[in-house]
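Every heavy atom of this structure was used, including side-chain atoms; hydrogens, water molecules and symmetry mates were not. Here is the naming used below: chain letters follow the sequence lines, and residue numbers restart at 1 for every chain.
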2 protein chains.
Amino acid sequence: MTLTVLLADDHAMLRSGMRAIFDTQEDLTCVAEVADGRAAVAEVARLRPDVAVLDIRMPKLDGLGATEMILADPANRTKVLLLTTYDTDEYVYRALKAGASGFLLKSLPPEELISAVRVAARGDALIDPSVTQRLIARFAVSLAPPPTPPELELLTAREREVLQLVAAAYSNAEIAARLHVGDETVKTHVSRVLSKLGLRDRVHAVAYAHVNGLVQTRR
Amino acid sequence: MTLTVLLADDHAMLRSGMRAIFDTQEDLTCVAEVADGRAAVAEVARLRPDVAVLDIRMPKLDGLGATEMILADPANRTKVLLLTTYDTDEYVYRALKAGASGFLLKSLPPEELISAVRVAARGDALIDPSVTQRLIARFAVSLAPPPTPPELELLTAREREVLQLVAAAYSNAEIAARLHVGDETVKTHVSRVLSKLGLRDRVHAVAYAHVNGLVQTRR
DNA sequence: TCGGAGATCCCCCGCGCGGGGGATCCGGTT
DNA sequence: AACCGGATCCCCCGCGCGGGGGATCTCCGA
């Protein structure tokens, strides 16, 4: 089975260079060449190639915008490979968010471009190693739990427990019922929490808890 | 300049296979072979190779634990490539969080293993395409803003503005001063916000705002 | 032209909340 | 035995807050 490819780049020379590379492969067919993003979107919709190789810098609509439009339409099954000279982080994030199957630099050796197209076509993805490094760093921080402020150590276990419930917007009476203690007890705990953390009232406590990741939201 | 490599895998056969691959390259030297994670950590500390290629499944200490120990020690400049048969997502996250320079499957062609070592040595990173695909998906959701609940549309611009300030734990008087209006006005806005959103009091409003991403914390 | 939505300001009332005192009981350390 | 930190419960007081009524003004669209 042969793979169909669309090329989008505003430099005719680069397009013919890439086409020459694909032509060396029997199973790859370059079915269209376009010079701007709008044409890329239109031709992808018309020809439904397996893979679209898009430059980021293009007239009318850039490669990122084209990627977003192509991948936003569920009728398209085309995989998108982005090719660029510059690897600004913002570009990378936008590309990956849109669902691109690849983010490659133009310094890529020809044979690797070929393999990239095959990778994309089979539903996998690949990212240039120089970009991957920074992506990992970014990913690591997004996985890392927010740093626990040291003043939290001042709280006793019970106080932390109460703080959790305050953060969940429970009233003193509700917390008392939930912990099976009197509400006067809860008031004492809350007071201690506020004074130890230097917070004015329970409203500040709620904000504090959320900002410092004491409440699990996403993930 | 030649690159030094450490191999860690509990299968002697696989180690000698990889060593044979590296031996075909003049600039790559395999300086050590070990069969478990603890030995890997020790040998890396002793020999300081440029790159350590670790299997994940190993006795005593697995490749992930070894990676964490190696990369936690700032005295080590060794880059870590993880090699595995299975690509469980949890493995990948843990590896990347620890700061691994690569996550590769054992199905990798020999020549790509060689290029992976060179990539790692120069400070870049690479991830197997089949893993990259899922990583992108995960990364995209971590970038995506939390969905805005529809009831927020009921609020007027001013009410949303007040909600933001309530979420930042400002009192009615502080909000009034900040918006240059009377505090009675603020009370009206807050009341409307609470009733429109079905919230009991401002404490619930703070929690609501944080849960629904109306307050920027990380990123 | 009239109506409604939105922003602004006003009064009263009840209550939850937070501060400031205090008390008892238990478990662990000294 | 004496001590202390932690958890529990109690009382009083002042105030911010939220609900329920109002009111005016402006802008915009029917």
Side-chain angles (χ1 to χ4, degrees), chain A residues 148-217, chain B residues 148-217:
Chain A
T148 301
E151 65 267 26
L152 252 180
E153 304 301 322
L154 297 174
L155 301 186
T156 68
R158 197 57 157 173
E159 285 161 357
R160 266 189 290 270
E161 200 178 353
V162 171
L163 175 54
Q164 295 274 355
L165 295 170
V166 169
Y170 288 108
S171 70
N172 284 345
E174 286 165 341
I175 296 174
R178 191 168 270 249
L179 297 183
H180 306 293
V181 296
D183 43 351
E184 292 296 332
T185 306
V186 176
K187 287 184 65 172
T188 307
H189 286 314
V190 172
S191 280
R192 290 201 129 68
V193 169
L194 295 181
S195 108
K196 283 184 181 178
L197 299 183
L199 302 170
R200 198 199 304 163
D201 53 31
R202 69 199 298 109
V203 177
H204 282 85
V206 175
Y208 174 92
H210 278 88
V211 168
N212 292 105
L214 300 184
V215 179
Q216 307 302 345
T217 50
Chain B
T148 301
E151 65 266 25
L152 253 181
E153 303 302 320
L154 297 174
L155 300 186
T156 68
R158 197 56 156 173
E159 285 161 357
R160 267 189 290 269
E161 200 178 351
V162 170
L163 176 55
Q164 296 273 355
L165 294 170
V166 169
Y170 288 108
S171 70
N172 284 345
E174 287 165 340
I175 296 174
R178 192 168 268 249
L179 296 183
H180 306 294
V181 296
D183 43 351
E184 291 296 333
T185 305
V186 175
K187 287 185 65 172
T188 307
H189 286 314
V190 172
S191 280
R192 291 200 129 65
V193 169
L194 295 180
S195 106
K196 284 185 180 177
L197 299 183
L199 301 170
R200 198 199 306 163
D201 52 33
R202 69 198 298 108
V203 177
H204 282 85
V206 175
Y208 174 92
H210 279 88
V211 168
N212 292 105
L214 300 184
V215 180
Q216 307 303 344
T217 49

Q) Stepwise, does the side-chain contact (heavy atoms from CB on, under 4.5 Å) test hold for A:Leu179 with A:Arg158? A) CA-CA 10 Å; A:Leu179 297 183; A:Arg158 197 57 157 173; 3.9 Å; yes

(Q) As a quick check of understanding, evaluate side-chain contact (heavy atoms from CB on, under 4.5 Å) for A:Val206 and A:Val166, giving each step before the final call. (A) CA-CA 6 Å; A:Val206 175; A:Val166 169; 4.2 Å; yes

Protein-nucleotide distance ([X], atom [atom1]; [N], atom [atom2]), rounded to Å:
| X | N | atom1 | atom2 | result |
| --- | --- | --- | --- | --- |
| B:Arg202 | C:dC17 | CZ | P | 13 Å |
| A:Lys187 | C:dG21 | NZ | P | 15 Å |
| B:Asp201 | D:dG19 | CG | P | 9 Å |
| B:His204 | D:dG18 | NE2 | P | 12 Å |
| B:Leu194 | D:dG16 | CG | C1' | 14 Å |
| B:Leu197 | D:dG19 | CG | C1' | 17 Å |

Q. Nucleotide by nucleotide, 5' to 3', does protein get under 4.0 Å of the base (B), only the sugar-phosphate (S), or neither (-) in nucleotides 24-30 of chain D, counting heavy atoms?
A. -------

Q) How about A:Arg192: does its CZ atom have over 12 heavy atoms from other parts shown lying under 6.0 Å from it? A)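 Counting neighbours around CZ of A:Arg192, 12 or fewer heavy atoms of other residues, nucleotides or ligands fall under 6.0 Å, so no.
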
State whether the side chain of [X] and the backbone N or O of [Y] hold a donor-acceptor pair below 3.5 Å, judged by distance alone.
| X | Y | result |
| --- | --- | --- |
| B:Arg160 | B:Leu152 | yes |
| B:Asp201 | B:Val203 | yes |
| A:Asp183 | A:Val186 | no |
| B:Arg202 | B:Tyr170 | yes |

Q: Take B:Leu197 and B:Glu159 through the test side-chain contact (heavy atoms from CB on, under 4.5 Å) and record every step on the way to the result.
A: CA-CA 11 Å; B:Leu197 299 183; B:Glu159 285 161 357; over 6 Å; no

Q) Does the side-chain contact (heavy atoms from CB on, under 4.5 Å) test come out yes or no for B:His210 and A:Val215, once each step is laid out? A) CA-CA 10 Å; B:His210 279 88; A:Val215 179; over 6 Å; no

Q. So which heavy atom on B:Ala167 is nearest to which on B:Ala209, and how close?
A.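 Scanning both residues, the minimum pair turns out to be CB-CB, 3.4 Å.
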
**Q.** Least distance between heavy atoms, B:Leu214 atom then B:Gln164 atom
**A.**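 In terms of heavy atoms, the two residues are closest at O-OE1, 3.1 Å.
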
Polar atom pairs between nucleotides 4-10 of chain C and protein, under 3.5 Å, N or O only, would you list them?
unit_1	atom_1	unit_2	atom_2	d
C:dA7	OP1	B:Thr156	OG1	3.2
C:dA7	OP1	B:Arg158	N	3.3
C:dA7	OP2	B:Thr156	OG1	2.7
C:dT8	OP1	B:Arg158	NE	3.4
C:dT8	OP1	B:Arg158	NH2	2.8
C:dT8	OP2	B:Arg158	NE	3.0
C:dT8	OP2	B:His189	NE2	2.8
C:dC9	OP2	B:Gly182	N	2.3
C:dC9	OP2	B:Thr185	OG1	2.6
C:dC9	O5'	B:Thr185	OG1	3.4
C:dC9	N4	B:Thr188	OG1	3.1

Does OP1 or OP2 of [N] have a side-chain N or O of [X] closer than 4.0 Å?
| X | N | value |
| --- | --- | --- |
| B:Arg200 | D:dG18 | no |
| B:Asn172 | D:dG16 | no |
| A:Ser191 | C:dG18 | no |

What does the list of N/O pairs under 3.5 Å between the protein and nucleotides 25-30 of chain C look like, with a distance for each?
none

